[in-house]
Participant: 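Below are the C-alpha cells for one structure; questions will follow.
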There are 2 protein chains.
Amino acid sequence: MRQGPTITTIAERAGVSIASVSRVLNRLPTSEATVRAVRVAAEELGYVPNSVARSLKSSRTNQVAFAMADIGNPTYVAMVRAMQPVLKDAGFRLILHSTDADIDDELDVLRRLGERYADGLIISPIRLTERHLEAFAEARAPVVVIGSVPDGTPVDNVRADSRTGLRLALDHLYALGRRRIGFVNGPLDTVPGAARARAYADALTELGLPHDPALIEIGDFYRADGAAATRRLLARTRPDALMCANDLIALGALDVLRAEGLRVPEDVAVVGTDDTDLAPVAWPTLTSVALGSAERGRRAAELMLDRLADGDAEPRVVTVEPRLVVRGSTKGTS
Amino acid sequence: MRQGPTITTIAERAGVSIASVSRVLNRLPTSEATVRAVRVAAEELGYVPNSVARSLKSSRTNQVAFAMADIGNPTYVAMVRAMQPVLKDAGFRLILHSTDADIDDELDVLRRLGERYADGLIISPIRLTERHLEAFAEARAPVVVIGSVPDGTPVDNVRADSRTGLRLALDHLYALGRRRIGFVNGPLDTVPGAARARAYADALTELGLPHDPALIEIGDFYRADGAAATRRLLARTRPDALMCANDLIALGALDVLRAEGLRVPEDVAVVGTDDTDLAPVAWPTLTSVALGSAERGRRAAELMLDRLADGDAEPRVVTVEPRLVVRGSTKGTS
DNA sequence: TTGTAGGCGTTATCAG
DNA sequence: CTGATAACGCCTACAA
C-alpha cells in the first residue's frame, strides 16, 4: 500500500526524460536502448499507470454507469449480468447506481454525468417525468434509456414490447379455454405499469373479450403487494386465469390462491411477466412472459459502445422481442 | 452534450480569479460579493465540477470496487444490495467486476487497483491461492476480503461461520430423527467447498454419527451439477436427509428427489446453504443455513469505510453469525 | 530519436 | 479577502 511510482520516477531511474518514458509506455517509435531501459525500470518499480491522470488528459474514463431502481430486482440483475461482458470486452468498467426509484436521485445521477466520472450512462427509470426528458436533452455524456421514451428524445432507446408479450400470454390462456382473465398490475404511473395496462386492454379487445373492471387490481411490484391485490380481486370476483405484471406479483398470487384452496392451473391459471430466475423455481413452476431483460441489457451496452465510438449518429431505437415461456402454472403440473 | 464550463470560464464571467471560484465552490471564507458573483456565474453556465481533475489533485476517486465471481449469483447480489446503501451514504460509488472465478482476472483487478480508479477493493475470491495472498500484500489501495484468509494477511476480513452453520443444520436434522445425513458439496479446492467439507465432518463427529464416504458427493455449485451429484449419491445409497452446500445445489437435489418419487421431507429432508431469495420460493420451501450474505456485504463496506478513514489501523476480522431458517423441506409442508 | 514545456481542471500555498 | 502560481500524473506538440 506504499505510494506508487510515476513516470517521473521511472525517468530518473532509467536516466531518460518523462517524454521518452511516455513514448515507450505508449509504444511510440523509440530506440531499442531507451525501450529496454524504461521497461526494466518500470518493471523493477512495479509501475502502474494512473488512470485518473490519463483520464484528465484524454477526457475518457473507460467507465460506463448503469442506474436502476433496485439492484435486488432480478430483472435488473439480469440486465447487469448481460451488460457486464459486453462492456468488459470493450475495456470498460461498470459502475452501479441504485436509485430506489427516487426521481431526484435519478436526475441527480444524470446531472452528475457532467462530473465526467463515467463516459456514458445507461438508465432504466421506473417512472418517466418531464424533468427526465429535459435532463436527457441536457446530459453532458451519452445516455441510453431502457424503457420506452417518446419519439424524438435525443437518446438511444431499448424497448420491451409488452403489447406483444401480453398478447402472447392472453392468446395462450384463451387457447386453454380461459375467458375470465384477471390482471394484477403495478402502479399506473410507472413506465411498465402503464404499458402493461394498455397492452392488457388491447389484448382483450383483440380477443373479443369483455372489459370487466372487476377483473383488474393494482398493487405495487412486490410479492406482498401482489398477494394483497390478488386477495382484493378474489374477494369480489372469480377469474379462471390471472395475468400478473411481474413475477414477484405472480408469486404473491400463487401464495393467495394456495391459501384459498384454489388449484393452479386447474381452477386458476397464472402467468407472470419478466421470466426471472424465480419462475422456474416456483411451485407450480410459473409460466411467464419473457420481455428479454438480459437481451435488453446487452443491447443497451452495445448501443452505448456504438455511441461512444460515434457520438453524432442518429439516436437509435431497439425493440426486443418478447417470448412466452410456458410452465406448470398454466399447463398441467411440472 | 456540449463542452462544459470550467472554473476558468466562471472566473472570467464573474470577473474574479480561479482561486476565488474554487474557494466559493468549496465554501471557504469569502466576501459576500464574490460569493454572489461566482454563484450567479456558475448557475448561468450550468457548471458541474470535474471529478477527474479533483481526483487527480486529491488522489481520491470516491469509488469503491467490488469483485465477485458472478453478478448473477444470488449470494453476491445480496452482498451488493447490502453494500450499496452503506457506500452511497458515505458518498462513494460502487464499481462492479465480474471475474467468472478466473484467478488471473482477479489478480488483474488487484494489480489495476494501482491505476487508482477506485479508493479501495472489496473482493470475494472463490479460490484463494498463494498468488492472491501476495497480491493482497502488494495492493496499492485498501482491500477487504469476504471469505476467510489466513491469520496475518494484511487485509480486513469478513468471514462466514460455516462450521456453526452446518452444525445448526445437522442438529436440526438429528433432532428430527435423521441419522443418514448425506452431503452434496461443491469443489473442495474452493474456499466455501473446503470450509463446508470440514464443517460437515466436524458436525458428524460431534453428533456421534459415523463417517460414511458413500454419503458424500461433490459437484459444482449450480443446479444442474447439484442434480447430477444427487443422482450419483442416490444410485449407491439411501440417505434420510441431504445437506447441500448452497441453495442452487439444493434445488437440483429437490428436482431429482421428486423425479425419483421420493417425498420431501418425509423420505428425505433437504437443507440448503446461503438462504437466497430462491429458498422461500422453492417447493417445498427450502430450509436453508443463512450465512448472512447481506450482512457480510454490509460489514465489508463498513470495514472499507473505516479503513479509508484510518489507513493505519490494525487489520480487522469480522465473523458473521449463521442462522438456520427452517422451512418445508425439513419440517411438514409449507 | 530525444528532451523541454505547456496544458488537462482542481486544489492549495503563498504573497499582496 | 484575493490573486498569482505551483502542483497532481500524464500526453504531445515543438525544438533540438
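Quick note on labels: first sequence line is chain A, next is B, and so on, each numbered from 1.
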Participant: If you count the non-hydrogen atoms of other residues, nucleotides and ligands that lie under 6.0 Å from CZ in B:Arg112, is the total more than 12?
Facilitator: no

Participant: Check this for me: does any side-chain nitrogen of one of A:Arg131 and A:Asp104 sit under 4.0 Å from a carboxylate oxygen of the other?
Facilitator: yes

Participant: Give A:Ser59 one of three labels, base, sugar-phosphate or nothing, depending on what nucleic acid heavy atoms sit under 4.0 Å from its own.
Facilitator: nothing

Participant: Determine whether a donor-acceptor pair (one donor, one acceptor, N or O, separation below 3.5 Å) exists between the side chain of B:Arg116 and the base of D:dG9.
Facilitator: no

Participant: Any N or O donor-acceptor pair linking the side chain of B:Lys57 to the base of C:dA12 at under 3.5 Å?
Facilitator: no

Participant: Look at all strands and tell whether A:Thr6 reaches a base, only sugar-phosphate, or nothing, counting heavy atoms closer than 4.0 Å.
Facilitator: sugar-phosphate

Participant: What is the distance from CD1 of B:Ile18 to C1' of C:dG9, rounded to the nearest Å?
Facilitator: 8 Å

Participant: Across the strands shown, which category fits B:Val16 at heavy-atom distances under 4.0 angstrom: base, sugar-phosphate, nothing?
Facilitator: sugar-phosphate

Participant: Looking at A:Ile71, A:Leu87, A:Ile146, A:Val144, which hits side-chain contact (heavy atoms from CB on, under 4.5 Å) with A:Phe66?
Facilitator: A:Ile146

Participant: Salt bridge check, B:Asp151 against B:Arg159: does any charged N sit closer than 4.0 Å to a carboxylate O?
Facilitator: yes

Participant: With each end axis built from five pairs of C1' atoms, what bend angle do you get for the helix from C:dT1-D:dA16 to C:dG16-D:dC1? Round to 10°.
Facilitator: 50°

Participant: Expressed as a whole number of angstroms, how long is the span from A:Arg54:CZ to C:dG7:C1'?
Facilitator: 17 Å

Participant: Take the protein atom CZ of B:Arg140 and the nucleotide atom P of D:dG9, then report the distance between them rounded to whole Å.
Facilitator: 13 Å

Participant: Take the protein atom CZ of A:Arg23 and the nucleotide atom P of D:dG9, then report the distance between them rounded to whole Å.
Facilitator: 20 Å

Participant: By nearest atom, which of the nucleotides D:dC10, D:dG9, D:dC11 is closest to the B:Leu56 side chain?
Facilitator: D:dG9

Participant: Compare the minimum distances between each of C:dA12, C:dT10, C:dT1 and the side chain of B:Ala19, then state the nucleotide with the smallest one.
Facilitator: C:dA12

Participant: Base, sugar-phosphate alone, or nothing: which one does A:Ser22 contact when heavy atoms must sit under 4.0 Å apart?
Facilitator: base

